[in-house]
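Just so you know, ligand 1 is whichever comes first in the structure, and atom 1 is the first atom listed for that ligand.
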Amino acid sequence: MQISVFGTGYVGLVTGSCLAKLGHEVMCMDINEKKIQTLKQGIIPFFEPGLRRLVLKNVEKRKLFFTSNAEDTVKFGKVIFNCVGTPSQPDGSADLVYIYQVAESIGKYINEYKVIVNKSTVPPGTAKETERIIKENLKYNVEFDVVSNPEFLKEGAAISDFEHPDKIVLGTHSEKAFRLMKQVYLGRLRNYLPMLETDWETAELIKYANNCFLATKISFINEIANICDKVGADVRMVAKAMGLDYRISPKFLNPGIGFGGSCFPKDVRALIATAKKNNYQPKLLEEVDTLNMRQKTILMPKIKQIFPNLKDKTFCLWGLSFKPKTDDIREASSLHIINELLNHGAKINAHDPEAMENTKKLFQDKINFFNTPEEAAQGADSIILVTEWDEFRNLNLADIKKTMKDNKLFDGRNIYEPELVKEDGFEYYGVGRK
Ligand SMILES: NC(=O)c1ccc[n+]([C@@H]2O[C@H](COP(=O)([O-])OP(=O)(O)OC[C@H]3O[C@@H](n4cnc5c(N)ncnc54)[C@H](O)[C@@H]3O)[C@@H](O)[C@H]2O)c1
């Protein structure tokens, strides 16, 4: 089938290249001309494991094309995916301007029956408005259906999430569109996928409910970790025991210095805004957001207690991305820590396997970047583990300690065993650890 994809960010590019792998012919469009030129040269504008290979292979097989022409894109696909960004507005609500720009283009150029799929995370009511905008801009008297099909992929595991989804949610009132969407996802390779058919608003809300629940689980265990710190309990054992209860599950029970990324903070705020717009005060969600912002600050008081004067102290940051296996630093906890340290006159040495380029764009030469974790630690007073990349788990900490000026280790993600790290010569500070 011929398929079009608007937006070549994390979601659009993964969706486009995975659909090409399923045997479809896919045209990917972005308004960012530079991004399209880069993609045409075989350069992927962000890091996602396995994506480069998948893109190159499908371009070579002539299954995947890139363009910045909206008209060609609308005319090409029988199914058109809308995967553009939906960033936060100052009041927390989702900015739908890009979604509706695409809807307008579709209205202008659509020339035969097509299915328009909202894959971006959008609040309830967006599919209805998309349909209205397309109708308003129609040049030809053609039929079309709008489907709400939220995306659940995780950056860092996006391809495998696309290929083995735990669910595919399809919000539509059209049997014809549902049948077509089944063909899109089954492609030539698969014969079964867990598909849920529902209405527009329910599909749109499922995505927010999903992300907000996960964010709540993280904030809950962070709250327990903070209480552990106060009463001298060990959160790792508390979380392990809780996770053994099959009703709870061990996933998302890792306390730390807050969640970030382009989805959880944004989606929690967008659902709060949607609830308020509908005259409901979502108290639990408001607390999740507040708690998470507080959680990003919890290391600084501990650091200042040990180093009352931060001026000219050198901190080695291990990890900058909001989570491992991505170069994405949107709302990353590292950004808060960097700003605080710089404001206090501290020096920062940093290493991250993938996110140094993006961080450099924000802080330029205010941070010293190093190619290895060992080099970043040399001469530092303290290490702050910010992101739990595997690369940081099996280092020779005893040797690293010998190259440092002082021996403090702040473990923002609780990846080290306090006893072992102490044997290596470090003073250890975790989150809710004994
Ligand atoms: N990143 C994730 O992990 C993830 C997971 C699930 C859902 N989502 C949701 O998917 C959506 C996209 O997220 P993303 O991370 O891929 O965003 P992104 O910012 O990486 O990419 C968005 C792309 O859309 C392009 N764009 C904007 N307006 C356009 C237009 N009119 N025509 C064509 N292209 C246009 C931008 O240039 C950009 O390249 C968001 O709603 C997000 O919440 C993201």
Side-chain angles (χ1 to χ4, degrees), residues 4-18 27-39 44-49 51 66-74 77 80-89 92-109 116-123 126-127 130 133 148-162 165-169 203-204 206-208 210-212 214-215 259-271 321-323 325-332 358:
S4 296
V5 178
F6 277 87
T8 58
Y10 289 87
V11 170
L13 197 55
V14 169
T15 301
S17 47
C18 287
M27 181 178 281
C28 288
M29 186 274 182
D30 206 291
I31 39 164
N32 185 334
E33 176 72 38
K34 207 169 136 203
K35 209 172 203 180
I36 292 298
Q37 287 314 324
T38 315
L39 283 164
I44 310 300
F46 54 86
F47 173 75
E48 178 61 41
L51 187 57
F66 297 106
T67 180
S68 51
N69 185 312
E71 181 172 354
D72 289 353
T73 312
V74 174
I80 303 174
F81 281 87
N82 195 347
C83 303
V84 300
T86 52
S88 281
Q89 301 205 79
S93 60
D95 189 345
L96 301 174
V97 65
Y98 308 112
I99 293 286
Y100 295 149
Q101 266 171 12
V102 172
E104 241 181 87
S105 300
I106 294 172
K108 259 204 285 194
Y109 301 124
I116 290 85
V117 186
N118 279 348
K119 190 163 245 328
S120 303
T121 304
V122 291
T126 309
T130 302
I133 293 174
S148 168
N149 169 220
E151 179 53 58
F152 297 92
L153 63 76
K154 301 181 289 292
E155 284 176 27
I159 292 171
S160 117
D161 285 347
F162 186 97
D166 49 20
K167 58 187 171 285
I168 292 178
V169 174
E204 288 164 334
I206 285 170
K207 171 65 191 181
Y208 283 105
N210 213 100
N211 272 4
C212 289
L214 294 173
F259 57 77
S262 66
C263 290
F264 284 3
K266 164 173 94 64
D267 294 351
V268 170
R269 288 173 205 146
L271 189 53
S321 54
F322 84 92
K323 68 172 187 179
K325 295 190 188 159
T326 179
D327 60 354
D328 197 343
I329 57 166
R330 291 179 278 188
E331 302 232 18
N358 284 338

Report task. Check ring pair (Phe, Tyr, Trp, His ring centres under 6.0 Å) between F322 and all other residues, then give those that pass, not counting sequence neighbours. Result -> none

Query raised in the report: Can you name the side chain to side chain donor-acceptor pair (under 3.5 Å) partners of D328, sequence neighbours left out?
Result: R330

Query raised in the report: So among V117, I31, V84, I116, which one has a side chain to side chain contact (heavy atoms under 4.5 Å, CB included) with F6?
Result: V84

Query raised in the report: If you round to the nearest 0.5 Å, how far is CG of D161 from CG of D166?
Result: 8.0 Å

Query raised in the report: Got the residues with a heavy atom under 4.0 Å of ligand 1, by chain and number?
Result: F6, G7, G9, Y10, V11, M29, D30, I31, N32, K35, C83, V84, G85, T86, Y98, Q101, V102, S120, T121, E151, L153, E155, K207, S262, C263, K266, R330

Report summary line: Interatomic distance, OG1@T326 vs CG@N358, rounded to 0.5 Å, equals 8.5 Å

Query raised in the report: Does A203 have any side chain to side chain contact (heavy atoms under 4.5 Å, CB included) partners at least two apart in sequence or in another chain, and if so, which?
Result: S148, P150, V169, T198

